Amino acid sequence: MRTATEVRTTGTRDEQGRVDAEFTAYLHARQGALLRTAYLLTGDRHQAEDVLQTALAKLYLSWDRVREREALDGYVRRILVNETTSLWRRPFKRRERATDVLPEGGVEPTYDEGQRAAVWAVVSTLPPKARAVVVLRYYEGLTESETAEVLGVSVGTVKSQGSRAMALLRDRTPGHLAPGSREEER
Amino acid sequence: MSTHDEQAFTEALRIQAVGAGTPTLTLDDVRGRARGIRRRRAAVVAGGAAALVAAAVLPVALLVGGGSSPDSLPPAGTPTVVDTANPEGSGEPVSQLGSWLEGRTIHPATGEPFEPDVEGEIASTRWLSDGRWLLATYPGTDYALVAVDARGEPLTAYEGVDSGLASDDAGTAVAWTGADGRVRVLLSGSEEPVVLAARLDDRRAAARPLEVLPGCTPQECVALVEVYDDSPDGSSQLAVGLQGQPQRLDRLGLLSISDVSPDGALVAGLVEADELEMRYCSAVVVFATGEELWRTCDAGTFRFSPDGTRVLGIDPNLDGLGHSFTEVRDALDGTVVGRYEGGTVFDETWASGDSYLVSIQTNAGENLLLRVGVDGDEPEVLERVAGTPGDPEGMVRLTG
């Protein structure tokens, strides 16, 4: 016969095992995508890994509080954004540098390096939340209302920030970004 | 906005995102970080229980002091670096508290505006009471540290890594991290920096200096640093001296440090962060013991006034695209003394014991530098620069 303590301990172990199994499945499935989002938000690989580890740790601690499993990514995104913007408020922020050499595979590039670098240069100069708007809207593909919810801002703010970022991009890139636009100009 | 532009943006970001590399986090990594977060939260609840672990390298005055009197440190009779020779000629220490940077032009609180004769983007600035300025710059892809005189003429170049500058409140010392992982401290009146003892963990990123404690001399000097290490939280705050091992600052129960009072007796920082609830709380604690004097979840990122009696903070919630107000509180009990709401706050710093500078952007996109009195008088406009709403270009930066 097990004592009450042994019963509680076993129950706790079982519960922890369930959380670990569920979390591990989530980690394997989503950490790659989340790391890429973190990288776009921070502009630095090491900082992205650090911020993501913190975000996932906070998710792990809150695992049973986030009842809706489809909301997990949204929860992590919100932490990533908050962690990134709090980094901005620190007294010193390391300079962001665009990645010079990209790893092999994954994406079939249809734009040249100059255009990729130009877009990244624009994104890097945006204030943190405006940058988050761009990443969530144009990389993550969230709707304006979903982006507003993650950032805790109004839909109007998301719209205006997206428009400003796009206008900035047009101003600062040598040619139009749209596929074939240079051809069309000729 | 055309659909083609949006698609182009998305495509370019997807290509860039590949640069993130391959994820390597394991369940153990995440659980380790989670343990650290839980431990820190528990430490906050436990309050001053950890105070018994007082750091041996800290100056005695810091360990026995609990008040915030500006004249409690440095100890009477102890020569300070402001007594040393002034290479700029006057011999009198100069305070540049309340200076700012507009474009590449430094507007010193004392003296004429000047543009430093240095290459590249100016990343950080710190002033010394002997009249010099230490600048961190990015000439091309490099990182450089250069001391310039009050006219902006380069004097000395220093070796260092890209991890920022920190100083004390009197302009007697500026710190940075060298390539060997050891913190350098340049003292007012000296050309060669003193080198602190510990080689700090720089495997993940170079240690970041946070503050030079008051009373730093070639014989005794302590700096606070943040190291990015293998601890569960990913970083730790340490006190580093001229001799001995670094001392961990876990007793403070702070998730991060925003400032140390001018006498070194009090520390302000973040004590609680709950992203799920969007709740961020900050506190002022006694440095020697970790005793929490007060905390609030209504403002944060507190910085002590030059006399140490007040703190200047901002709203903690990053509402919208930036912070929406500045707030002054009593340093010892947290009572709100004054508040200013006039635009998106970009930067803020004390200018004197009873006024501070704040760089804001109005809803119309105008960038303003204001001097705000804690007495509630109408703010004085010091600079007005046209800008674009939401774009930080043209915002006035405040110097440290």
Side-chain angles (χ1 to χ4, degrees), chain A residues 20 23-24 27 31-32 35-36 38-40 45-46 48 50 52-54 56-58 60-62 65 75 78-79 82 85 89 91-92 94-95 99 102-103 106-107 109-111 115-116 119-120 123 127 129-130 134-135 138-139 152-153 157 160-164 166 168-169 177-179 181, chain B residues 1-2 4-27 29-31 33-34 36-38 123-124 138 141 143 162-166 204-205 208 210 228 233-234 256 273 275-276 278 301 317-322 388-393 400:
Chain A
D20 286 355
F23 189 86
T24 301
L27 191 63
Q31 73 160 314
L35 180 64
R36 289 191 283 277
Y39 174 62
L40 293 178
R45 287 183 202 174
H46 295 294
D50 187 48
L52 178 60
Q53 189 173 355
T54 297
L56 289 171
K58 288 177 177 177
Y60 180 79
L61 289 172
S62 306
R65 291 169 65 193
Y75 176 64
R78 176 181 281 196
I79 301 175
N82 284 329
T85 47
R89 283 302 307 183
F92 170 75
R94 284 181 178 81
R95 186 188 207 185
T99 303
L102 295 176
V107 174
T110 56
Y111 292 89
Q115 286 173 325
R116 194 269 307 173
V119 170
W120 187 238
V123 172
K129 283 225 169 171
V134 168
V135 172
Y138 302 118
Y139 176 70
V153 300
T157 300
S160 62
Q161 287 304 315
S163 299
R164 282 175 196 141
M166 202 59 71
L168 209 57
L169 192 64
L177 282 167
S181 60
Chain B
M1 186 187 310
S2 79
H4 272 169
D5 281 352
E6 290 186 10
Q7 287 172 349
F9 220 152
T10 299
E11 183 93 5
L13 288 173
R14 282 183 182 159
I15 295 167
Q16 183 64 38
V18 177
T22 307
T24 56
L25 289 174
T26 65
L27 179 63
D29 294 332
V30 175
R31 288 172 66 172
R33 180 69 60 93
I37 293 170
R38 191 181 281 152
S124 306
Y138 295 116
T141 57
Y143 177 76
D162 187 358
S163 68
L165 304 173
R204 299 184 65 197
R208 183 168 65 93
L210 300 171
Y228 303 91
D233 298 338
S256 63
E275 281 75 14
L276 196 64
M278 298 291 282
T301 320
N317 297 318
L318 287 165
D319 185 25
L321 295 172
T388 307
D391 187 346
E393 197 165 307

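Order of the sequence lines fixes the chain letters, A, B, ..., with proteins taken first and strands second; residue numbering starts at 1 for each chain. Computed from a prediction, not measured in an experiment: that's the story for all the values here.
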Sort [X] into side chain, backbone, both or neither according to what part of it lies under 4.5 angstrom from a heavy atom of chain B.
{"X": "A:Tyr139", "value": "both"}
{"X": "A:Leu56", "value": "both"}
{"X": "A:Leu35", "value": "both"}

- Please determine, among B:Leu13, B:Leu25, B:Thr22, B:Thr24, the option with the most heavy-atom pairs under 4.5 Å with chain A. B:Leu25
- Note on the structure: B:Ala166 meets the side-chain contact (heavy atoms from CB on, under 4.5 Å) criterion, sequence neighbours left out, with B:Pro209
Quick one: closest heavy-atom pair of [X] and [Y], and the distance?
{"X": "A:Ala57", "Y": "B:Arg33", "result": "CB-CG, 3.5 Å"}
{"X": "A:Asp20", "Y": "B:Arg31", "result": "OD2-NH1, 2.8 Å"}
{"X": "A:Tyr138", "Y": "B:Thr10", "result": "O-OG1, 2.7 Å"}
{"X": "A:Leu27", "Y": "B:Leu27", "result": "CD2-N, 3.6 Å"}

